[in-house]
Amino acid sequence: MRWTLTCLAALFAVSGADAMGTMTKAATTRELAIVPDVEKRLAQFAPTRLTADLSVLSPADRRALGLLVQAASRLNEVALRQAWGGNPDFARQLAARKGPLADAARAYFEINLGPWDRLDGTKPFIGDRPHPEGEGYYPEDMTRQEFEDWVKAHPGDKERFTSTVTVIRRKPGNPKELVAVPYSKEYRTWLEPAARELKEAAAATGNASLKRFLTTRADAFLSDDYFASDIAWMELEAPVEVTIGPYETYGDGLFGYKAAFEAYVTVALPKDSAVLTRYKESLPFLERNLPLPEADKNLTRGTESPIRV
């Protein structure tokens, strides 16, 4: 396990799901009502500039940092589609919306990655479209029963269908047939350039562990095999630290199978991290005193878990 308290040089937290279904022609934003308190809802969020002391970074690591920010920012487009396949069309129509609440609605749309208020049980703050339970990972009209019936009738599809890194689509020309599409294909438009930037960052940095993680994670973006890069991330010991890839699955309200892309680009603060060494040294003591049966405790864990700011 790795423990990180992050003081962020840049932060891109992207999560959601992906679907290629589009809005109905009737559901244009010019026709959809915006909740009257959208400005009050927007005011719940305070824009905050996150900074870090970059003086500890070498010129090479500064270049790597910039490339990582670029790669991370590309995942916003992936996240937008993971949250709902209709989001790109909706965003374009919302951009043309006029009126006193339009600016607040656009800003709130960006915060929520869609027209649903995530602080209000995913109720819509513009229009009345129900939030798709499977977000964008599945066809909007697909039911849980249809998915389960398909897997039961096609057991060879089970691994692909339940994979964390595939989306489910209807086969073009035969909407009754379901197919699993790998993330590397579904999101190639954004993952391919992001992978190039990760490799450029790997070439720029002189840190071996960062180089190894970025190279293997770039490969994973195009192969959907994340195991090697997950191991490399666990072994990361670098002044620039990045979490980037598909992780959390709670956006998939149908099954919890599908992982959402997210990214955090951070800079380590050595002096602050050193203060936490005493907690790292206390890990064996804490493990021994967990309120668990002795058989469930890892009494040989040692003090290897890195804790850093």
Side-chain angles (χ1 to χ4, degrees), residues 14-28 32 75 77-91 112-118 120-192 220-227 229-230 245-262:
V14 290
S15 66
D18 160 76
M20 294 307 293
T22 57
M23 297 170 51
T24 61
K25 292 181 180 179
T28 65
L32 301 179
L75 297 189
E77 290 299 323
V78 176
L80 192 67
R81 289 156 176 81
Q82 288 191 308
W84 177 41
N87 268 332
D89 284 342
F90 197 98
N112 287 280
L113 282 179
W116 299 282
D117 191 335
R118 294 177 183 270
D120 191 23
T122 62
K123 294 178 182 177
F125 63 88
I126 179 169
D128 57 2
R129 188 186 188 92
H131 179 260
E133 191 175 4
E135 292 201 330
Y137 297 113
Y138 309 91
E140 283 190 63
D141 61 349
M142 190 206 77
T143 64
R144 177 189 290 265
Q145 189 64 51
E146 181 182 3
F147 179 96
E148 292 176 340
D149 287 346
W150 180 272
V151 171
K152 184 176 180 181
H154 305 83
D157 286 347
K158 183 175 181 179
E159 184 175 354
R160 290 190 299 273
F161 271 50
T162 59
S163 167
T164 59
V165 290
T166 64
V167 293
I168 306 303
R169 299 287 178 252
R170 296 197 180 280
K171 187 175 182 178
N174 186 4
K176 291 185 178 181
E177 184 173 344
L178 298 175
V179 294
V181 182
Y183 280 6
S184 59
K185 180 178 179 180
E186 183 78 0
Y187 308 124
R188 182 169 293 273
T189 299
W190 304 278
L191 293 182
E192 212 165 51
F221 275 5
L222 304 181
S223 70
D224 302 296
D225 183 356
Y226 285 84
F227 182 78
S229 58
D230 282 339
Y247 289 97
E248 308 298 345
T249 62
Y250 48 75
D252 175 2
L254 282 175
F255 298 102
Y257 290 146
K258 309 304 178 182
F261 275 93
E262 62 183 274

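Every heavy atom of this structure was used, including side-chain atoms; hydrogens, water molecules and symmetry mates were not.
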Can you tell if the side chain of [X] reaches within under 4.5 Å of the side chain of [Y], non-hydrogen atoms only?
X: L75; Y: E262; result: no
X: L80; Y: W190; result: no
X: L178; Y: H154; result: no
X: E140; Y: W84; result: yes
X: Y257; Y: Y138; result: yes
X: R81; Y: E186; result: no
X: R170; Y: D141; result: yes
X: I168; Y: F161; result: yes

Self-check item: Residue E148 excluded, over 12 heavy atoms near CD under 6.0 Å
Solution: yes
Practice problem: Check the surroundings of atom CG in D128: do more than 12 heavy atoms from other residues, nucleotides or ligands lie under 6.0 Å from it? | Solution: no
N/O donor-acceptor pair under 3.5 Å between [X] side chain and [Y] backbone:
X: K171; Y: K176; value: no
X: T166; Y: R160; value: yes
X: N112; Y: G114; value: no
X: K152; Y: F147; value: no
X: Y183; Y: T164; value: yes

Exercise. Given side-chain contact (heavy atoms from CB on, under 4.5 Å), test R188 with F221 step by step and report yes or no.
Key: CA-CA 8 Å; R188 182 169 293 273; F221 275 5; over 6 Å; no
Minimal non-hydrogen separation, [X] against [Y], with atom names:
X: D224; Y: V165; result: O-CG2, 3.8 Å
X: S223; Y: S184; result: N-CB, 4.4 Å
X: A79; Y: L113; result: CB-CD1, 3.8 Å
X: G85; Y: P88; result: O-CD, 3.4 Å
X: P115; Y: N87; result: CD-OD1, 3.7 Å

Quiz prompt | CD1-CG distance between I126 and D117, expressed to the nearest 0.5 angstrom | solution = 12.5 Å
Exercise. Give, for atom CG of L254 and atom CZ of R144, the distance between the pair rounded to the nearest 0.5 Å.
Key: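 L254 CG to R144 CZ: 6.0 Å, rounded to 0.5 Å.
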Self-check item: side-chain contact (heavy atoms from CB on, under 4.5 Å), paired with W116, selected from K123, E135, R129
Solution: R129
